[in-house]
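Numbering of residues begins at 1 and proceeds along the displayed sequence.
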Amino acid sequence: MMNFKPLNLLKEQETGRDPLGNPITELVQFAETEGRFSAWRKEEIALDVRNVTVNNRKIMTPASKELLEQADRVKFEGLYHDITDIIGDDTTRWRILVVNRYGSEQP
């Protein structure tokens, strides 16, 4: 049985403009789904020439690709992660989010 945890999807939303007319944005949650960290397969590690497997982690989720593409960041297990890539489409049961490995406590 797979243990899934809450996965919050976040995006930058314009909340106003500064005195010079530049946009002021804030990171807001727009959806919640579920996910779990997934391990890199040995074949992926062997083919990795860009150190993706060293600097990133994978989160498996049933959320639709359309929903995931709207997200700028995710909050998972109490940490905020930047999304580096989305693997898979809606013809399969799961999508994989490739996120930065360590995340941060601050948005």
Ile96 CD1 to Ser38 OG distance, which is reported to the nearest 0.5 Å
5.0 Å

Do Trp94 and Val98 share a hydrophobic cluster (ILVMFWY, side-chain heavy atoms under 4.5 Å, transitive)?
yes

Where do Glu34 and Lys5 land on the salt bridge (Lys or Arg N to Asp or Glu O under 4.0 Å) test, with the steps shown first?
CA-CA 5 Å; Glu34 59 186 5; Lys5 297 180 181 176; over 6 Å; no

Measure the spacing between CG of Leu68 and CD1 of Ile83 and express it to the nearest 0.5 Å.
7.0 Å

Where is the tightest heavy-atom contact between Val74 and Leu10, given as atom of each residue plus distance?
C-CD1, 4.0 Å

On a heavy-atom basis, which atom in Lys11 and which in Asp72 lie closest, and how many Å separate them?
CA-OD2, 3.3 Å

I need the Leu97 CG to Leu7 CG distance, nearest 0.5 Å.
6.5 Å

Interatomic spacing from CZ in Arg57 to CZ in Phe76 - rounded to 0.5 Å
8.5 Å

Is Tyr80 reachable from Leu9 through a run of I, L, V, M, F, W or Y residues, each pair having side-chain heavy atoms under 4.5 Å apart?
no

Taken to the nearest 0.5 Å, the spacing of Arg36 CZ from Thr61 OG1 works out to 12.0 Å

Could you tell me whether the side chain of Thr15 and the main chain of Ile24 form a donor-acceptor pair under 3.5 Å?
yes

Hydrophobic clustering (ILVMFWY, side-chain heavy atoms < 4.5 Å, transitive) - are Met60 and Ile87 grouped together?
yes

Asn100 (side chain) donor-acceptor with Asn56 (main chain) under 3.5 angstrom
no

Show your working on salt bridge (Lys or Arg N to Asp or Glu O under 4.0 Å) between Arg95 and Asp89 and close with a plain yes or no.
CA-CA 6 Å; Arg95 260 71 47 221; Asp89 56 36; over 6 Å; no

Taking every heavy atom of Glu12 against every heavy atom of Thr25, the minimum-distance pair comes out as OE1-OG1, 2.9 Å

Do Phe30 and Gln70 have side chains that approach each other closer than 4.5 Å (heavy atoms only, starting at C-beta)?
yes

Enter the distance from Glu69:CD to Ile86:CD1 here, rounded to the nearest 0.5 Å.
5.0 Å

Scanning both residues in full, the closest heavy-atom pair of Glu14 with Arg17 reads OE2-NE, 3.3 Å

Would Leu79 end up clustered with Phe4 when hydrophobic side chains under 4.5 Å apart are linked, directly or stepwise?
no

